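Have a look at the structure below, then the notes.
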Amino acid sequence: MKNILLPAILITFLAACNLEKEVQIELPEYNSRPIVEFYLEPGKPMKLLLSKSSDFFGVFDTSLTQFFTNLVLDSALVTVSHDGLTDTIPNEYSFDFINQKIYNYSSPKLVEYRSGIEYTLNIKLKDGSTITGKTEILPKVEIDSIVVEFNKTRDSVARVLTYLTDNPNTVDYYRRLLNYGSLVDSFPQQDFLVDDKLNTTNTIAFGTGYDLKEGDTVYNSIYHITKAYNDYVLSYQLASQGNANPFAQPSQIKSNVTGSANPLGIFTCLVYDRDTTIIKK
């Protein structure tokens, strides 16, 4: 009886206590920083999203239009230079339907494709602070072949194997995208980064599960990306995961833009090969 009464008395005592205590934590003042998202795609117009970071604990504007207006940084002087030529990117808005992105600086000038070209970005903000960045046009790594393979036991379903040739003498970074049905209105079935550091052959293969049927359309995209872009995306993913987990270690965004404006972001060239496959037996 003694062993039974003790826990009961303890529970009753704890229930009578007020175990809640309000704790006020003073957070340091947040200093907003400019964010650069500038992707050069050969053969396409130059487009830049220039915005600013916001306080995670700040007041969220319920008006989407006002929220966007408060985040973008307009009235900046933006130039891109290569081979002694300089182009000014006007403060004009445009929309990328495939990647579902909006840009506030756009130019009809098409990005020249020639492997090895170095592009330099210079931005002067309205307050006089500056942002600079550099990137290089990488060679396209083409898809060698795409193999459709039906399941031997369930011949109504198939998978897709994608092969490309990799240079074993260099360290290369890739982004693999796989879309089913459409490029515009579908989320990628696969979207990940990979490098060839552990690859001992000159061939890299990507595959899917047996989740495709005859008549399905598959869009394969292989991006040959810079190390700077690879590091930026990985650090961005870690930071996003940290925001969703109060016990996670804070992660610093790895940017390749610098300057007196103390910016975050990426300036890079996206060179890719894309192929479309319709599943057939």
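Values below: every heavy atom of this structure, side chains too, minus hydrogens, waters and symmetry copies. Residue numbers run from 1 in the order of the sequence given. This one's a predicted model, so the numbers in the text were calculated from it and none came from an experiment.
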Distance-minimising heavy-atom pair for [X] and [Y]:
X: K197; Y: D195; value: N-OD1, 3.0 Å
X: V141; Y: D273; value: O-CB, 3.7 Å
X: L50; Y: L125; value: CD2-CD2, 3.7 Å
X: Q252; Y: S235; value: O-CB, 3.5 Å
X: I253; Y: A239; value: CD1-CB, 3.7 Å
X: Y210; Y: E149; value: OH-OE1, 3.1 Å

Do [X] and [Y] come within less than 4.5 Å of each other through their side chains, counting heavy atoms only?
X: D74; Y: K126; answer: no
X: V111; Y: M46; answer: yes
X: Y163; Y: T203; answer: yes
X: P168; Y: T201; answer: no
X: Y229; Y: Y39; answer: yes
X: Y113; Y: V271; answer: yes
X: R159; Y: F150; answer: no
X: L121; Y: T132; answer: no

Are [Y] and [X] co-members of a hydrophobic cluster defined by side-chain heavy atoms under 4.5 Å apart?
X: V218; Y: I222; value: yes
X: I225; Y: V194; value: no
X: L270; Y: L48; value: no
X: V160; Y: Y174; value: yes
X: Y103; Y: I123; value: no

Test side-chain contact (heavy atoms from CB on, under 4.5 Å) applied to L40 and T135, step by step: CA-CA 9 Å; L40 299 174; T135 190; 4.1 Å; yes

What's the separation between atom [atom1] in [X] and atom [atom2] in [Y], rounded to the nearest 0.5 Å?
X: L164; Y: I143; atom1: CG; atom2: CD1; answer: 7.5 Å
X: K140; Y: Y272; atom1: NZ; atom2: OH; answer: 8.5 Å
X: D216; Y: I279; atom1: CG; atom2: CD1; answer: 6.5 Å
X: I204; Y: D144; atom1: CD1; atom2: CG; answer: 10.5 Å
X: Y219; Y: L178; atom1: OH; atom2: CG; answer: 11.5 Å
X: F267; Y: N122; atom1: CZ; atom2: CG; answer: 9.0 Å

What do the steps show when you test K134 against E118 for side-chain contact (heavy atoms from CB on, under 4.5 Å), and what is the final call? CA-CA 7 Å; K134 288 186 178 182; E118 185 177 80; 4.0 Å; yes

Do [X] and [Y] meet the criterion of a side-chain donor-acceptor pair at a distance under 3.5 Å?
X: Y180; Y: D211; answer: yes
X: D275; Y: N220; answer: no
X: N202; Y: T165; answer: no
X: R274; Y: S221; answer: yes

Note: D191-R175 ion pair, threshold 4.0 Å (strictly below):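 Salt bridge flag = yes for R175 with D191.
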
Between E37 and K101, does at least one N-O distance fall below 4.0 Å, as a salt bridge requires? yes

Counting only N and O atoms by type, is there a donor-acceptor contact under 3.5 Å from the side chain of [X] to the main-chain atoms of [Y]?
X: D231; Y: A228; result: no
X: S106; Y: K47; result: no
X: S260; Y: T130; result: yes
X: S255; Y: V257; result: no
X: T170; Y: D172; result: no
X: S53; Y: R33; result: yes

For K281, I'd like to know if atom NZ has over 12 heavy atoms of other residues, nucleotides or ligands within 6.0 Å.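 Count over threshold, so yes.
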
Give the intermediate values and the outcome of side-chain contact (heavy atoms from CB on, under 4.5 Å) for residues F38 and I266. CA-CA 6 Å; F38 201 154; I266 187 69; over 6 Å; no

For N104 and N91: C-alpha separation, side-chain torsions, deciding distance, then whether side-chain hydrogen bond (donor to acceptor under 3.5 Å, both in side chains) applies. CA-CA 6 Å; N104 55 337; N91 188 185; 5.6 Å; no

Which of T226, I137, I117 passes side chain to side chain contact (heavy atoms under 4.5 Å, CB included) with C269? Answer is I137

Using atom types as modelled, flag every donor-acceptor pair under 3.5 Å from a side chain in residues 75-89 to any protein atom, sequence neighbours excluded.
unit_1: S81; atom_1: OG; unit_2: T86; atom_2: OG1; d: 2.9
unit_1: D83; atom_1: OD2; unit_2: R114; atom_2: NH2; d: 2.6

Given side-chain contact (heavy atoms from CB on, under 4.5 Å), test V72 with Y93 step by step and report yes or no. CA-CA 11 Å; V72 295; Y93 283 74; 3.5 Å; yes

